[in-house]
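Read the structure below first, then the notes.
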Amino acid sequence: ARLEQMLDLTSLRPLADAPAKKLSGGQRALLQMGCGFMVPGSCYVLDEPFSGINPVIKDAIIEMILEVNRSAGATFLIVSHEMAIVRRLCPTVTVMMEGRVAAHGPLEEVARLPEVIAGYLGKALE
């Protein structure tokens with residue numbers, strides 16, 4: 001039953017019998033997300049899940065995250081540098097620099113903090 005649910009969530013049902021090596025890169029990304037969601041949990045850690053992904057697949061992954069959050073009440077810790085996606089998904093962000101929490105709060109507030117700006121842009125400007 002869980003597999004059926006994941007095939008629907010990932011939109012991979014038509015490819016259910018295809019070997020993973022035959023899937024496109026985007027389809028493999030959806031498969032990876034589906035495999036991760038097969039393990040019931042209350043918190044999922046996603047490290048750069050949108051990196052190098054086609055915009056259509058990004059939207060599908062965003063919808064998957066939102067659906068699992070809605071249906072299972074799961075929490076997501078998402079590591080990403082794609083601020084447009086972070087803005088869509090995350091009501092609260094934590095910025096870490098050099099292994100410590102530099103800022104925490106709503107993205108719009110955190111992104112205006114001088115220490116965050118300096119941390120991300122300062123080194124490039126030096």
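Among all heavy-atom pairs drawn from Ile53 and Ala29, the shortest one is CD1-CB, 3.7 Å. What you find for Ile57 and Gly26 is that their closest heavy atoms are CG2-O, 3.7 Å. Considering all non-hydrogen atoms of both residues, Ala102 and Glu115 come closest at O-OE2, 4.1 Å. Here the shortest heavy-atom pairing between Gly105 and Val110 reads N-CG2, 3.5 Å. Across Ala74 and Gly41, no two heavy atoms sit closer than the pair CB-O, 4.1 Å. For Met64 against Leu30, the heavy-atom pair with the smallest separation is SD-CD2, 3.7 Å.
Rounded to the nearest 0.5 angstrom, Glu82 CD and Arg88 CZ are separated by 11.0 Å. Here CG of Leu77 is found 14.0 Å from OH of Tyr44. Values are rounded to the nearest 0.5 Å. Going from atom OG1 of Thr94 over to atom CG of Leu107 covers 11.0 Å, rounded to the nearest 0.5 Å. Between atom CD of residue Gln32 and atom CG of residue Leu46 there is a gap of 11.0 Å, rounded to the nearest 0.5 Å. Annotation: the span from Ser24 atom OG to Asn54 atom CG amounts to 8.5 Å, rounded to 0.5 Å. In this structure, OG on Ser71 lies 6.5 Å from CD on Gln5, to the nearest 0.5 angstrom.
Grouping the Ile, Leu, Val, Met, Phe, Trp and Tyr side chains by contacts below 4.5 angstrom, directly or via other members, places Met38 with Ile61. Cluster annotation: Phe50 is not connected to Val79 through the hydrophobic network of ILVMFWY side chains, with a link wherever side-chain heavy atoms come within less than 4.5 Å. Phe76 and Val93 fall into different hydrophobic clusters, where Ile, Leu, Val, Met, Phe, Trp and Tyr side chains are chained together by heavy-atom contacts under 4.5 Å. Using a 4.5 Å cut-off between side-chain heavy atoms of Ile, Leu, Val, Met, Phe, Trp and Tyr, with links allowed through other members, Leu3 and Leu12 fall into the same hydrophobic cluster.
Within the 4.5 Å cutoff, side-chain heavy atoms of Pro49 are placed close to those of Ile78. The shortest distance between side-chain heavy atoms of Asp59 and Ile62 falls below 4.5 Å. Contact of the Thr10 side chain with the Phe37 side chain is not registered, since no non-hydrogen atoms from C-beta on lie closer than 4.5 Å. You'll find the side chain of Lys21 stays beyond 4.5 Å of the side chain of Arg28, heavy atoms only. Side-chain contact between Lys22 and Gln27 is absent, with no heavy atoms from C-beta onward closer than 4.5 Å.
Remark: of the listed residues Val68, Leu9, Ile65, Ile65 is the sole one forming a side chain to side chain contact (heavy atoms under 4.5 Å, CB included) with Met33.
Using a distance-only test at 3.5 Å, with no hydrogens or angles considered, a donor-acceptor pair links the side chain of Arg13 to the main chain of Glu4.
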